[in-house]
**Student:** 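Got a structure here, written out as C-alpha cells. Questions coming.
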Protein chains: 2
Amino acid sequence: MPRGPHWFHRRIRGYGCRLTLPRQRILEVLSRSSKHLSAEEIYHRVHQVYPAIGLTTVYRTLEMLVSGAMVMRFDFGDGRTRYELIKDQGALTSHHHLICRVCLKIIDCEEFTGDERDYLKSIEKKLSKKYKFEIREHQTRFYGVCDKCKKEVTDYAKR
Amino acid sequence: MPRGPHWFHRRIRGYGCRLTLPRQRILEVLSRSSKHLSAEEIYHRVHQVYPAIGLTTVYRTLEMLVSGAMVMRFDFGDGRTRYELIKDQGALTSHHHLICRVCLKIIDCEEFTGDERDYLKSIEKKLSKKYKFEIREHQTRFYGVCDKCKKEVTDYAKR
DNA sequence: TTGGTAATGAAAACCATTTTCAATAAGGAG
DNA sequence: CTCCTTATTGAAAATGGTTTTCATTACCAA
C-alpha cells in the first residue's frame, strides 16, 4: 500500500513508462479531485497550470493509467467517459453510485458498511467459482430520480 | 403485468405513439433475443426481414422505448450502447454482469437468490431515505478477467 | 552530455449517435 | 371507406467524444 504524495511516480516508472511533466500534472489534478472527472474536465484543470497540455495527451495518459490499474474508468451513459484515481491500492475496490435518469447527475455513495462489503465479497467468490472469472472490482448503480427532479418533473414518463 | 405476444403494442399506443411496421419489427427482434444488443446488431437483424429499415429509425425507436420504460439501456464502456427489452414489467428490475477487462466479453448472471435480492432492497431503502432519491432499478458489474483470457494472457498488466 | 526512443501536440481521421429535411404512412374524423 | 393531419421514416449531413498520424520534443540510461 504505497504512501506519500508521489507514490504514483514509482508506479509509473515501475510500469515501464517515463515520468513526464504532463503526466505529473494530470496525476496532480486527479489526486486533488475525489470526483470522477471527464477527459475534458481534466484537460481544463491541467490547462490552468500547464497551458501547453494537449487533449490528446490527456486521453493517452488516462489510457495508460487505466491499463496500469492506477485509474478507474466509468461509463454512465451520458456520452463521456469518467476517470478516477484509485486511492486505495489495497483490496478489491468498489464504487457505488446513484444516477438520476432525468438530469443525469451522479451521486457517489460510500455507505456500504463492513458486512455489506463482506456480503458482496461472498457473492464475488460464488461467481468467481461458477464462471471461472477472476473478479478485480465491482460497481453498483442505482438508477432513479433525484430529489430535485422529483420536485420539478411531475410527469416523469413523458421526459 | 401485461401478457401475450403483443402487450408492447398496447404500451406504445398508450404512450401516445403510432404503431408502425419498423417499430413492430424492432420489437420482435428485441423480444426474440434475451441478450443486450447494440443498435447496429438490432439494425442488422431487422434488416434481414425488413430491408427498408434505416439505422436512424432504430436509434429513434430505441430512444422512445427507453423513455417509455419498455427497454433498458446499458453502457459497458466498449463504445456502443446496448439495449434490452424489459420483460418483467413488475417490481424493480436488476441486472448483473461479469465484464472481462481483456476481451470485453459480457456475461449475464442471474444467480442472485431471494435473500440476496432482499439484501439489495434494504440497501436501496437506506439510500432512498438518505439521498431522497427514488430508486427504479439497479445494476451490479463485476470487472475482471474471464477464464479464456486468463489462459491466453499471462501478463495482464502489460495488456 | 549525448543518443535512442518514448512522449507530445496539432490536425486529421474515426465512428457511434443525432439532426435535418423532404417523402411517406398511421389512424382519427367525417 | 376515404381524406387529411401530422407523426414517422430514411438518406445524407452534422455532431462530438475519442483515436490516429506524424513531425517535433524531451526523458533518462549509458
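The structure displayed is predicted, hence computed values, not measured ones. So you know, we letter chains A, B, ... as the sequences are listed, proteins then strands, and number each from 1.
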**Student:** Does NZ or CZ of B:Arg101 lie under 6.0 Å from the centre of the six-membered ring of B:Tyr143, at an angle within 45° of the ring axis?
**Tutor:** yes
**Student:** Is the ring pair A:His47/A:Tyr43 parallel, tilted or perpendicular, if the boundaries are 30 and 60 degrees?
**Tutor:** tilted
**Student:** Going 5' to 3' through nucleotides 11-22 of chain D, assign each nucleotide B (protein heavy atom under 4.0 Å from a base atom), S (under 4.0 Å only from sugar-phosphate atoms) or - (no protein heavy atom that close).
**Tutor:** BB----SBBBB-
**Student:** Is the backbone of A:Met64 close enough, under 3.5 Å, to the side chain of A:Arg60 for a donor and an acceptor to pair up by distance?
**Tutor:** no
**Student:** Counting only N and O atoms by type, is there a donor-acceptor contact under 3.5 Å from the side chain of A:Ser31 to the main-chain atoms of A:Glu28?
**Tutor:** yes
**Student:** Are side-chain N/O atoms of A:Tyr15 and A:Ser67 paired as donor and acceptor at under 3.5 Å?
**Tutor:** yes
**Student:** Salt bridge or not for A:Lys126 and A:Glu124, using N-O below 4.0 Å?
**Tutor:** no
**Student:** Within the 4.0 Å limit for protein heavy atoms, which parts of nucleotides 25-30 of chain D are touched? Write it as a string from 5' to 3', B for base, S for sugar-phosphate only, - for none.
**Tutor:** -BBSS-
**Student:** Ring-plane angle category for B:Phe74 and B:His97, please: parallel below 30°, perpendicular beyond 60°, tilted otherwise.
**Tutor:** perpendicular
**Student:** Same cluster or not: are B:Leu104 and A:Phe76 linked, directly or through other Ile, Leu, Val, Met, Phe, Trp or Tyr residues, by side-chain heavy atoms under 4.5 angstrom apart?
**Tutor:** no
**Student:** Looking at A:Met72, is its backbone amide N or carbonyl O close enough to the side chain of A:Arg82 to form a donor-acceptor pair, meaning the two atoms are under 3.5 Å apart?
**Tutor:** no
**Student:** How many whole angstroms separate atom CG of B:Leu65 from atom C1' of D:dT8?
**Tutor:** 14 Å
**Student:** Can you give me the first and the last nucleotide of DNA chain C (5' to 3') that has an atom within less than 4.0 angstrom of a non-hydrogen atom in chain A?
**Tutor:** C:dG4 to C:dA11
**Student:** Can any side-chain N or O of A:Glu41 pair as donor or acceptor with the backbone N or O of A:Ser38 at less than 3.5 Å?
**Tutor:** yes
